[in-house]
Number of protein chains: 2
Amino acid sequence: MPRNASFDAPLATQFDEWQARGFDADACPVRNVLDRIGDKWTSLLIVALAAKPRRFSELHRAVPDISKRMLTQSLRDLQRDGLVTRHVFPTKPPSVEYRLSPLGQSALGPLAGLIDWAERSFAEIKASRAAFDAGDTSEQISAA
Amino acid sequence: MPRNASFDAPLATQFDEWQARGFDADACPVRNVLDRIGDKWTSLLIVALAAKPRRFSELHRAVPDISKRMLTQSLRDLQRDGLVTRHVFPTKPPSVEYRLSPLGQSALGPLAGLIDWAERSFAEIKASRAAFDAGDTSEQISAA
DNA sequence: TTCAGCAGTCTCTACTCAAGACCTATCGTC
DNA sequence: GACGATAGGTCTTGAGTAGAGACTGCTGAA
């Protein structure tokens, strides 16, 4: 990075590339994929399915405060993206099982990295929030 | 894969732990932190700041389709979480510079991992979406 | 004088999320 | 045969939130 020292060259270069391509929303993997990861429920569902395949009601019990509507919708989104597969068993009341596809399993690694970071940093983040909310904006008035 | 075999033991164990703790939203780092990462703008801003500190208008130009309102709000959130710091320079029109804090820089690694996965998987995801939208639900009707 | 740029704030609209009622089907119970 | 339970969802109805874009106060330049 010629302009200034870079904190993280690969990411910075990435950003310049995206910028050069005009941030086309359809072409930008970050916009596309992180929107799904951050979808409040989808990442939680991926983790829930990491252990084993689960049925609809089982998922509903496993993730307590999700509504059926959002569970349905999140699973459809994940299915549409090819991260989970849906298996219908023609039992008397039909039962439906959701499992991670190979693509979904390949997301577990990066996701685990992020979760690990989240757990390691959570105390610091909570402290920062408390300080901020207490009015300590920790702003620097720097010299011009 | 037998029903109870785990795809990814660490994550699965994590999930059981969260479940045991009742998914307390305040105590769950995932809910807390991933909501921010997936916030549509915040991760993009982190990447934008990875290269170098930037000023408000500079960020607004760098991320073209964010509104000032959302830019302000996203930066406040990041500042509150201690991921970015805000530096005010008392120049004639006051200029404000945002930079990644050490905590914010520590997020670049995991974030880069996720972005790398996103780029590698994007073609597959797009293909899956196209197939799904074309009506190929790729559902398995399995034997009971 | 008027304009442009900086760093935001304010308001208004439109969309989306979440809760919970409801639906279809089958089984077991009375 | 009616009654409720279970399974896997859909529909309806508020409430909250994102986004567009106008506005503010200040300065220096044309």
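None of the values given here were measured: they were computed from a predicted structure. Lettering of chains follows the sequences in order, A, B, ..., and the numbering in each one begins at 1.
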- Item | A/R99 and A/E97 ion-paired at < 4.0 Å |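 Yes.
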Could you tell me how far apart [X] ([atom1]) and [N] ([atom2]) are, to the nearest whole angstrom?
| X | N | atom1 | atom2 | result |
| --- | --- | --- | --- | --- |
| A/Q79 | D/dG8 | CD | P | 14 Å |
| A/L59 | D/dG8 | CG | C1' | 12 Å |
| B/F56 | C/dT9 | CZ | C1' | 10 Å |
| A/F89 | D/dG8 | CZ | P | 11 Å |
| B/E97 | C/dA7 | CD | P | 10 Å |
| A/H87 | D/dG8 | NE2 | P | 14 Å |
| A/R69 | D/dG9 | CZ | P | 15 Å |
| B/L71 | C/dT9 | CG | P | 11 Å |

Counting side-chain heavy atoms from C-beta on, which of [options] comes nearest to [X]?
| X | options | value |
| --- | --- | --- |
| B/T72 | C/dA7, C/dG8, D/dG19 | C/dG8 |
| B/W41 | D/dG19, D/dA7, C/dG8 | D/dG19 |
| A/S95 | D/dA7, C/dC6, D/dA20 | D/dA7 |
| A/Q73 | C/dC6, D/dG8, C/dC17 | C/dC17 |

Side-chain atoms of residues 106-122 of chain A: list all donor-acceptor pairs with protein atoms under 3.5 Å, sequence neighbours left out, distances to 0.1 Å.
from	atom 1	to	atom 2	distance (Å)
A/S106	OG	A/L103	O	2.6
A/S106	OG	B/W117	NE1	2.9
A/D116	OD2	A/R120	NE	3.1
A/D116	OD2	A/R120	NH2	3.2
A/W117	NE1	A/S121	OG	3.2
A/W117	NE1	B/S106	O	3.3
A/W117	NE1	B/S106	OG	2.9
A/E119	OE1	B/Q14	NE2	3.1
A/S121	OG	A/W117	O	2.9

- Message: Which residue in the set A/I46, A/L78, A/D77, A/I66 passes side-chain contact (heavy atoms from CB on, under 4.5 Å) when paired with A/W41?
- Response: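 The single option meeting the side-chain contact (heavy atoms from CB on, under 4.5 Å) with A/W41 is A/I66.
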- Task: Please report the C-alpha distance between B/L59 and B/L75 in whole Å, then the side-chain angles of each, then the deciding distance to 0.1 Å, and finally whether the side-chain contact (heavy atoms from CB on, under 4.5 Å) criterion is met.
- Result: CA-CA 10 Å; B/L59 279 170; B/L75 286 170; 4.0 Å; yes
- Query: For C/dG8, does either OP1 or OP2 sit under 4.0 Å from a side-chain N or O belonging to B/Y98?
  - Reply: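 B/Y98 to C/dG8 OP1/OP2: side-chain N or O found under 4.0 Å.
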- Query: Phosphate oxygens OP1/OP2 of D/dG9: is one of them under 4.0 Å from a side-chain N or O of A/R86?
  - Reply: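 A/R86 to D/dG9 OP1/OP2: side-chain N or O found under 4.0 Å.
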- Which sits closer to the 5' end of DNA chain D, A/R61 or B/K68, going by the nucleotide each is nearest to?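 So the residue in question is A/R61.
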- Taking the nucleotide of DNA chain D with the closest heavy atom to each, which residue, B/M70 or A/V96, is nearer the 5' end?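 It is A/V96, whose closest nucleotide lies nearer the 5' terminus.
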- Message: Any side-chain to backbone donor/acceptor pair from B/S101 onto B/L83? Under 3.5 Å, distance only.
- Response: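 Yes; at least one donor-acceptor contact below 3.5 Å.
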